[in-house]
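A short write-up of the structure that comes next.
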Protein chains: 2
Amino acid sequence: MTKNEIETLIQLLARLPGLGPRSARRAALHLIAKREQLLLPLASALQRTGEAIRTCSRCGNIDTADPCGICVDARRQPGVICVVEQVGDLWALERSGAFKGRYHVLGGTLSALDGRGPAQLRIGSLVERATAPEVEEVILALGATVDGQTTAHYVAERLATSGAAVTRLAHGVPVGGELDYLDDGTLTAALKARRPA
Amino acid sequence: MTKNEIETLIQLLARLPGLGPRSARRAALHLIAKREQLLLPLASALQRTGEAIRTCSRCGNIDTADPCGICVDARRQPGVICVVEQVGDLWALERSGAFKGRYHVLGGTLSALDGRGPAQLRIGSLVERATAPEVEEVILALGATVDGQTTAHYVAERLATSGAAVTRLAHGVPVGGELDYLDDGTLTAALKARRPA
């Protein structure tokens with residue numbers, strides 16, 4: 001049975017996050033069964049994405065243009081920069097529709113364990129952007145993890161002389177979340193930051 | 001933000017079994033981050049699979065050749081045909097390495113609910129193959145579901161005059177399985193089919 005093409009396909013699919021060897025085989029069979037509707041469109045979507053994709057040299061977002069659509073969008077506030085770890089976080093904020101400024105993607109967090117120091121992240125260019133006179137606020141929207149908070153501290157210190165106000169996301173009870181299931185840290189933070197009802 | 005290529009990619013990825021909208025976004029970001037090692041190879045593997053894939057006109061297997069590699073492999077017993085529902089079942093049996101004959105892929109089971117009758121399955125060509133003088137045995141390796149067993153009954157009847165012996169897979173305790181977690185049907189079948197230790 002020489003099914004080299006199929007085996008190659010399964011091995012590549014198995015490297016996607018969320019798919020293992022077993023689900024990769026299912027996915028491959030599904031793709032083959034839906035050749036016209038799924039397999040060929042996916043092949044060309046990957047090809048086109050691979051050709052068109054750029055990393056924005058200003059903010060680190062990925063897009064088909066450089067600078068990216070957000071950086072050149074004149075309707076977005078130029079005075080507020082939201083700092084995120086990864087492009088996925090930027091997408092999440094965009095889906096929420098709650099932020100109308102610009103972004104800066106660090107490309108990860110500082111991590112002694114993984115050997116990521118400030119030089120591996122887009123921190124220099126952030127400081128440069130924040131120093132521009134039109135920038136009034138930098139929001140640090142980093143993860144509430146140890147590495148995320150370490151990075152937030154470090155970035156805040158680097159931005160201290162930039163002239164922009166540096167803020168963080170609020171901690172608290174997630175909307176729709178039940179108190180019973182929340183960890184102590186979140187409950188403590190939500191209590192401390194309580195507001196008049 | 002004009003990320004049409006990426007959005008198309010995410011929508012297509014979300015249609016794979018095992019991936020939802022959320023994991024499709026993660027997969028897309030992973031693909032974009034690993035452009036050279038994963039995205040472009042996957043694009044060309046899909047393209048090549050889409051071009052090369054054939055359904056074997058003899059047994060219904062999918063392969064890059066027709067007849068497929070198993071049907072033309074002279075080292076495999078021509079006297080035994082193993083009937084399976086889907087190509088995935090054929091792959092599972094091939095991985096086990098326990099079967100050295102040829103296959104016949106029905107393409108599903110009979111199902112009144114889904115409107116699949118005998119004409120929608122590769123049953124006519126199976127009867128034809130089984131009637132050949134060199135075929136001694138037809139093994140029905142269909143699922144132990146209601147539809148699978150209905151189909152097995154029907155196929156066995158159609159094969160009654162073919163001259164080949166018709167057999168089924170044994171029911172019993174799965175290797176590595178604990179009795180405690182087994183359903184009553186399996187336990188009953190395993191008891192009935194008990195053998196001297």
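Per chain, numbering begins at 1; letters A, B, ... match sequence-line order.
- Within 6.0 Å of the CZ atom in B:Arg95, the count of heavy atoms belonging to other residues, nucleotides or ligands exceeds 12.
- In terms of heavy-atom pairs under 4.5 Å with chain B, the best-connected choice from A:Gln86, A:Arg15, A:Glu51 is A:Arg15.
- Note: A:Pro17 leads A:Ser23, A:Pro17, A:Ala27 in heavy-atom pairs under 4.5 Å with chain B.
- Side-chain atoms of A:Thr151 come within 3.5 Å of backbone atoms of A:Leu110 as a donor-acceptor pair (strictly under, hydrogens ignored).
- When each of A:Leu13, A:Leu16, A:Leu29 is checked for heavy-atom pairs under 4.5 Å with chain B, A:Leu29 comes out on top.
- Neither the backbone nor the side chain of B:Arg75 comes within contact range of chain A; no heavy atoms are under 4.5 Å apart.
- With hydrogens and angles ignored, the 3.5 Å screen pairs no side-chain donor or acceptor of B:Glu136 with any backbone N or O of B:Ala165.
- Of the possible donor and acceptor atoms, none in the side chain of A:Arg25 sits under 3.5 Å from a partner among the backbone N and O of A:Arg22.
- Atom CD of B:Glu5 and atom CD1 of A:Ile62 lie 12.0 Å apart (nearest 0.5 Å).
- Formation of a donor-acceptor pair under 3.5 Å by the B:Arg54 side chain with backbone atoms of B:Ala52 is found in this model.
- Looking only at atom types and distance, the side chain of B:Asp147 has no donor-acceptor partner in the side chain of B:Thr150 under 3.5 Å away.
- The main-chain N or O of A:Cys56 is never found under 3.5 Å from a side-chain atom of A:Asp66 such that the two would form a donor-acceptor pair.
- In this structure a side-chain-to-backbone donor-acceptor pair under 3.5 Å is present from A:Gln149 to A:Gly143.
- Residue A:Glu157 places its CD atom among 12 or fewer non-hydrogen atoms of other residues, nucleotides or ligands, all under 6.0 Å distant.
- Salt bridge A:Glu94/A:Arg76: present, at least one basic N to carboxylate O contact under 4.0 Å.
- Within residues 30-48 of chain B, the residues having any heavy atom less than 4.5 Å from a heavy atom of chain A are, in residue-number order, B:His30, B:Leu31, B:Ile32, B:Arg35, B:Gln37, B:Leu38, B:Leu39, B:Leu40, B:Pro41, B:Leu42, B:Ala43, B:Ala45, B:Leu46, B:Gln47, B:Arg48.
- Within residues 116-129 of chain A, no residue has any heavy atom under 4.5 Å from a heavy atom of chain B.
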